[in-house]
Chemist: 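Okay, here's the structure, questions in a sec.
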Amino acid sequence: MLFTRRAFTLITMSTRTQIWLAVGFAVLITAVTIAATVLSKGQEGKDILTSTAPVLTVDDWTQGNAQAKVTVTEYGDFQCPACAKYEPIVQKLIAEYGDRVLFGFRDFPLYQIHKYASISARAAEAAGQQGKYWEMHDLLYANQTKWSVVGSETEALNLFKIYAQQIGIDPIRFATDVDTAAVHDKINVDVRSANDADVNSTPTFFVNNKKIPNPQSYDEFKSILDAALTPAQ
Amino acid sequence: MMNSNQSSTPRLPLHNKLHLAIAVFAFLGFADSAYLTADHYFALPLPCSLLRGCDVVLTSPYSMVGPIPLAALGVAFYLLALFIAVHAFTSAPSRRLDRALFGLTVIGFGMSIVFESMQAFLIHAFCQYCALSAVLATLMFIVGLWLIRKQNHLTQ
């Protein structure tokens with residue numbers, strides 16, 4: 001045991017205290033530095049209305065005129081009650097401006113606060129793989145209050161399978177597709193673009209890829225689109 | 001000419017070096033986890049430049065254990081490992097402390113495998129901060145293994 005005794009004599013009581021003080025100090029300094037770094041970044045990110053979203057592409061789910069000079073991009077979460085409230089407004093805008101505006105929807109599932117944010121987003125993407133994205137999108141919002149309150153993700157998926165049948169897609173393939181890498185990847189791409197664009201709540205709208213404060217009414221949204229459609233003087 | 005055995009500066013024994021190595025890795029792991037925890041509570045974007053995916057991983061439902069973010073559990077894990085490693089480093093050699101330290105590194109290594117697998121197969125995205133934590137936990141496990149083997153060798 002000569003080896004171990006020699007080891008112990010290397011560290012005296014005063015050295016031991018110094019080591020503990022140094023470790024405690026290092027931990028404290030690290031914690032303070034991290035807090036300061038993170039908080040200062042938060043201050044930089046406050047000016048949210050200068051954020052821009054990536055241009056809508058063929059990889060996005062869109063409605064309207066692909067050649068339109070005005071685009072509206074919505075980042076939404078199917079379990080978000082505010083998104084469901086905006087849905088009739090967006091539908092009305094699509095009906096009125098469909099030939100002059102290109103509307104796009106991207107996923108920004110708020111996993112931390114909505115239990116079925118993930119499965120609902122995947123359900124829409126899975127329906128999209130059978131060419132019925134918008135049909136599932138509309139049904140999910142229309143029935144949000146029903147599937148949001150079920151007890152488990154399996155129960156939610158069972159309801160989504162019924163919606164799949166209603167919109168005329170193969171429910172068995174649909175149930176398989178919700179777990180494919182392609183579906184996960186598509187949502188991940190949307191989430192990354194949302195984070196890059198400083199999206200931190202849903203719904204968040206971008207007109208011509210620039211973030212706008214959420215309009216409080218149909219008329220307010222309409223006036224924003226009219227202004228965007230009016231040629232610059 | 002001075003013989004190396006007569007050097008005035010005593011060399012640190014190997015098992016103390018191993019404690020020190022675990023303490024250093026645990027400290028780095030603490031810093032990494034603390035950053036992720038701060039990000040979780042302040043909801044800030046992470047500068048994910050190497051592997052794009054931190055945002056996806058850290059906002060996924062798998063990033064929480066009930067109301068507690070996994071990153072906060074990481075902070076607790078690394079602080080505990082740091083505490084035990086420093087205690088072992090500054091105390092008389094103790095088989096109990098070394099075994100506790102090794103046990104902790106086994107848990108950290110096992111959890112890292114689980115978390116990396118979840119990123120690969122469930123979330124389909126990787127976060128380099130989580131990867132760094134996994135690397136540190138693995139290094140701690142390797143050093144812990146070395147420590148326990150050295151101790152077994154000494155007691156034989």
Side-chain angles (χ1 to χ4, degrees), chain A residues 1 3-13 15-20 22-24 26-27 30-31 33-42 44-45 108-112 114-119 153 179-185 187-198 200-201, chain B residues 10-17 19-20 23 26-28 30-48 52-64 69 75 78-79 82-83 85-87 89-94 121-125 150-151 154-155:
Chain A
M1 294 303 286
F3 170 80
T4 51
R5 284 223 179 96
R6 201 184 108 214
F8 186 52
T9 52
L10 281 175
I11 298 165
T12 62
M13 276 305 282
T15 312
R16 194 180 308 173
T17 310
Q18 284 170 6
I19 290 171
W20 276 113
V23 170
V27 167
T30 307
T33 308
I34 286 169
T37 308
V38 166
L39 285 171
S40 67
K41 267 192 201 161
E44 284 167 17
F108 189 58
L110 302 173
Y111 304 115
Q112 289 169 340
H114 294 145
K115 198 174 171 185
Y116 306 127
S118 171
I119 187 68
E153 197 172 274
D179 275 324
T180 56
V183 161
H184 281 281
D185 290 346
I187 296 167
N188 290 346
V189 166
D190 286 357
V191 171
R192 282 172 201 151
S193 79
N195 282 302
D196 286 345
D198 292 330
N200 50 23
S201 61
Chain B
R11 289 178 60 130
L12 210 53
L14 178 63
H15 77 286
N16 268 24
K17 283 182 189 164
H19 291 146
L20 189 62
F27 178 75
L28 294 174
F30 157 75
D32 183 49
S33 305
Y35 187 79
L36 291 175
T37 307
D39 172 79
H40 174 90
Y41 285 112
F42 297 108
L44 298 170
L46 286 169
C48 289
R52 302 299 312 279
C54 277
D55 36 18
V56 175
V57 173
L58 297 176
T59 55
S60 85
Y62 305 105
S63 69
M64 306 281 288
V75 170
Y78 285 114
L79 275 182
L82 177 65
F83 177 84
V86 173
H87 187 45
F89 180 76
T90 57
S91 305
S94 156
F121 303 114
L122 291 174
I123 307 173
H124 301 284
K150 184 82 193 161
Q151 188 196 62
L154 282 172
T155 51

Chemist: Taking B/Val86, B/Leu82, B/Leu79, B/Val75 one by one, which has the highest count of heavy-atom pairs under 4.5 Å against chain A?
Modeler: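 Top count of heavy-atom pairs under 4.5 Å with chain A: B/Val86.
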
Chemist: Tell me the closest heavy-atom pair linking A/Ile34 and B/Ala31, and the distance in Å.
Modeler: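 Between these two residues, the closest heavy atoms are CD1-O, 3.3 Å.
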
Chemist: Which atoms of A/Ala26 come close to chain B, meaning under 4.5 Å heavy atom to heavy atom: side chain ones, backbone ones, both, or neither?
Modeler: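 The answer is both parts of A/Ala26.
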
Chemist: Using heavy-atom distances under 4.5 Å, tell me whether B/Phe121 contacts chain A through its side chain, its backbone, both, or neither.
Modeler: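 Neither the backbone nor the side chain of B/Phe121 comes within 4.5 Å of chain A.
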
Chemist: I need the minimum non-hydrogen distance between B/Phe27 and A/Val27, along with the two atoms involved.
Modeler: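 Of all heavy-atom pairs spanning B/Phe27 and A/Val27, the closest is CE1-N, 3.8 Å.
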
Chemist: Show, in sequence, the C-alpha distance, side-chain angles and deciding distance for B/Phe89 and A/Arg16, and conclude whether the side chain to side chain contact (heavy atoms under 4.5 Å, CB included) test is met.
Modeler: CA-CA 9 Å; B/Phe89 180 76; A/Arg16 194 180 308 173; over 6 Å; no

Chemist: Ignoring hydrogens, what is the shortest heavy-atom contact between B/Phe30 and A/Ala31? Give both atom names and the distance.
Modeler: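 The pair with the smallest heavy-atom distance is CZ-CB, 4.4 Å.
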
